[in-house]
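All heavy atoms count here, side chains included; hydrogens, waters and symmetry mates do not.
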Amino acid sequence: MSNQSVRDKALMLASEARRIDLGQQEEATAVAVSSRVSRLRDKLDGLRTTLQAARRLNAYGADIPLTSVDDGLDRFRQRAGDGLPSKVALDGAARTVERVENQVRQALRETWRTWCEQRLAELRRARLVMLPAGEAVAAEDALNDLEKLRRGDPRAAAIQQFVISHRELRAQLDNAPDPDPEVLELLRRLQVGTTLDKLTPTDLQLLYDRQLAGTVEVRRRAT
């Protein structure tokens, strides 16, 4: 074997080694970039969900500031250039999106609590006792549902459900009469507990006149 052939083979082996090494480096880079792209996509999905809820609440009178949602976009475009974004650009974009999402989510939760309290304060709860039995139970259930939504995560669907349930319950209570003082006093006695001999014909007639007889349950006390 000549020295030339040995040299040629050595050069060929060195060239192939460099090609394999470059290929492995490119593959590792592609995997790293792919991982960062997936992470950025997840962050963007979270931001999109939070923005959807914030915009839904703003549509119903809230005022959540959303001017910062594009923070970092121009910088990411500059770093990305016309080709594949660098790992630095992707990491920076993910951090920015996460920071913005945290800010919007915090503002959303604070605004949601205040907004719900204002809507609940609009309900004339004292009129619940004036609803017929079946309607009263349904109204109480609706009120409990509103409280659960208020304490829950303010997603767009939950906000929409709160609006619909609140609108229906408010209309129902707005159409109900205000309770008379004598009705409230009678209901207070019934709530505390009394016996039939303590109820006068006037008390019973009052319950029937106000369509509240169906809301009173009578049980025989054990002797």
Side-chain angles (χ1 to χ4, degrees), residues 42-71 97-193 206-218:
D42 291 341
K43 299 293 183 183
L44 287 170
D45 287 342
L47 177 59
R48 186 180 299 108
T49 299
T50 302
L51 283 176
Q52 185 181 20
R55 286 168 177 152
R56 181 67 57 85
L57 194 58
N58 280 350
Y60 290 113
D63 187 22
I64 302 172
L66 300 177
T67 56
S68 64
V69 296
D70 290 331
D71 282 1
V97 171
E98 183 177 24
R99 175 177 56 81
V100 172
E101 197 273 334
N102 287 337
Q103 291 174 348
V104 176
R105 177 156 39 87
Q106 180 65 25
L108 171 62
R109 287 176 174 173
E110 294 175 356
T111 304
W112 172 245
R113 286 194 296 268
T114 302
W115 185 89
C116 285
E117 290 170 359
Q118 293 172 345
R119 300 292 81 74
L120 291 171
E122 297 170 355
L123 300 175
R124 303 182 182 185
R125 301 193 190 194
R127 296 184 176 185
L128 283 169
V129 299
M130 302 304 295
L131 297 175
E135 293 183 20
V137 172
E140 289 285 359
D141 289 342
L143 187 58
N144 291 333
D145 289 342
L146 289 176
E147 291 288 355
K148 290 178 182 178
L149 289 170
R150 179 184 66 83
R151 295 190 298 268
D153 193 18
R155 297 295 184 99
I159 294 170
Q160 189 64 32
Q161 183 58 52
F162 187 101
V163 169
I164 295 173
S165 298
H166 175 271
R167 182 186 299 137
E168 294 174 351
L169 181 57
R170 179 174 179 177
Q172 187 179 21
L173 294 176
D174 286 347
N175 291 327
D178 284 319
D180 299 330
E182 56 185 345
V183 173
L184 290 178
E185 172 59 21
L186 175 56
L187 292 175
R188 184 195 65 79
R189 285 193 284 136
L190 292 171
Q191 182 69 31
V192 172
L206 187 60
L207 291 174
Y208 281 106
D209 289 345
R210 297 296 190 272
Q211 298 182 350
L212 296 173
T215 68
V216 178
E217 181 178 313
V218 179

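Inter-residue side-chain proximity for R119 and R170 is flagged as unmet; no heavy-atom pair is nearer than 4.5 Å. Side-chain contact between L66 and V104 is present, with at least one heavy-atom pair separated by less than 4.5 Å. In this structure, E101 and K43 have side chains that are not in contact, with every pair of non-hydrogen atoms separated by 4.5 Å or more. The shortest distance between side-chain heavy atoms of L123 and L120 falls below 4.5 Å.
Between the CD atom of E122 and the CG atom of D174 there is a distance of 9.5 Å, given to the nearest 0.5 Å. Residue R55 holds its CZ atom at 13.0 Å from CG of L57, rounded to the nearest 0.5 Å. Separation of atoms OG1 (T49) and CZ (R105) is listed at 11.0 Å; rounding is to 0.5 Å. Here the CD1-CG distance, from I164 to L169, works out to 13.5 Å after rounding to the nearest 0.5 Å. Taking CG of D42 as the start and CG of L47 as the end, the distance is 12.5 Å to the nearest 0.5 Å.
Between L108 and A53, the shortest heavy-atom distance links the atoms CD2-CB, 3.7 Å. Minimum heavy-atom separation, L131 to A176: CD2-CB, 3.9 Å. Taking every heavy atom of both residues into account, I159 and W112 meet most closely at CG1-CZ3, 3.5 Å. Of all the heavy atoms in H166 and L146, the pair that sits closest is N-CD2, 3.8 Å. The minimum heavy-atom distance linking R56 with A156 is given by the pair NH1-O, 3.5 Å.
The salt bridge (Lys or Arg N to Asp or Glu O under 4.0 Å) check on D145 picks up nothing, with sequence neighbours excluded. Considering only residues two or more places apart in sequence or on other chains, Q106 meets the side-chain contact (heavy atoms from CB on, under 4.5 Å) condition with E110.
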Would you please test T114 and Q118 for side chain to side chain contact (heavy atoms under 4.5 Å, CB included) and show each step? CA-CA 6 Å; T114 302; Q118 293 172 345; 3.8 Å; yes

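Although no hydrogens or angles enter the test, the distance criterion places no donor-acceptor pair under 3.5 Å between the side chain of R124 and the main chain of L173.
With 3.5 Å as the limit, one finds no donor-acceptor pair spanning the side chains of N102 and R99.
Using a 30° and 60° split on the angle between ring planes, Y60 and W115 fall in the tilted class, from 30° to 60°.
By the 6.0 Å contact criterion, CZ on R150 is enclosed, its count of non-hydrogen atoms from other residues, nucleotides or ligands being greater than 12.
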